[in-house]
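Before any comments, here is the structure.
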Amino acid sequence: MKGSKTINVAIFASGKGSNAKKIIEYFANHSFVKISLIVCNNSRAVVLEIASENGIPVLLIEKNQFKENGYLASLQKHKINFIVLAGFLWKIPVVLIDKYPGSIVNIHPALLPDYGGKGMYGMAVHNAVVSNKEKFSGITIHFVDEKYDHGKIILQEKVAIAGDETPESLAEKIHVLEHKWYPRAIEKVLNEYANTERVV
Ligand code: GRF
């Protein structure tokens, strides 16, 4: 690793935050990765409690301003180097894609490019996978670009779908995979990031 500077990570999450929680736990006491900010668009989201329990500052955001400037100034104030999306549904504005090249990742609860795109999130994904009688589903961790669920794939993990699978049972299986693999995939990307000159 070039230098020994901390990489400050912002997690964008607006729901239950189970992935955010696992990521926070994984990187607690990490040698060079710090979860420095939770960005959220829902003042009642459970992830806010997780942030508070872990002493992580929260940035509550509003849609028009997010579209306009991506809250870039606030992210810079917190010296954010890297962004992790974990259950964040708004499209990331170009201003952030440009300022964080190769430094925004997302997790999708299916095997992209299948079952991705606008409107494909949460139970809508698992409902579609089960009703199409797919044999497998899984998770996709990928870089974020200007299109929904489109950037370069970092990692995919598969899970078999049982004959009597329901969307709910599939959602549980997928969450287990997400919790295991997302923190590890982020660490792998951040190891590579740390070996570039981009750390500020
Ligand atoms: C996850 O299933 C993830 O794939 C998707 O949003 C969900 C977030 O779940 N992007 P949680 O809030 O982390 O429990």
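Numbering of ligands and ligand atoms starts at 1, following listing order. Worth knowing before you read on, the calculation uses all heavy atoms, side chains too, and leaves out hydrogens, waters and symmetry mates.
Screening residues 50-77 for salt bridge (charged side-chain N to carboxylate O under 4.0 Å, His left out) gives no qualifying pairs among residues at least two apart or on separate chains. Residue pairs meeting the side chain to side chain donor-acceptor pair (under 3.5 Å) criterion with at least one member in residues 93-102: none, sequence neighbours excluded. Residue pairs meeting the side chain to side chain donor-acceptor pair (under 3.5 Å) criterion with at least one partner in residues 130-141, sequence neighbours excluded, are Y115-N132, Y115-E134, T140-Q156.
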Could you go step by step and tell me if Y148 and H150 meet the ring pair (Phe, Tyr, Trp, His ring centres under 6.0 Å) rule? CA-CA 5 Å; Y148 276 113; H150 178 265; over 10 Å; no
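The aromatic rings of F88 and F12 stand perpendicular to each other, their planes meeting at an angle above 60°, with 30° marking the opposite boundary.
Pocket lining of ligand 1, defined as residues with a non-hydrogen atom under 4.0 Å away: K16, G17, S18, N19, G87, I107, H108, P109, H175, E178.
The main-chain N or O of G117 is found under 3.5 Å from a side-chain atom of D149 such that the two form a donor-acceptor pair.
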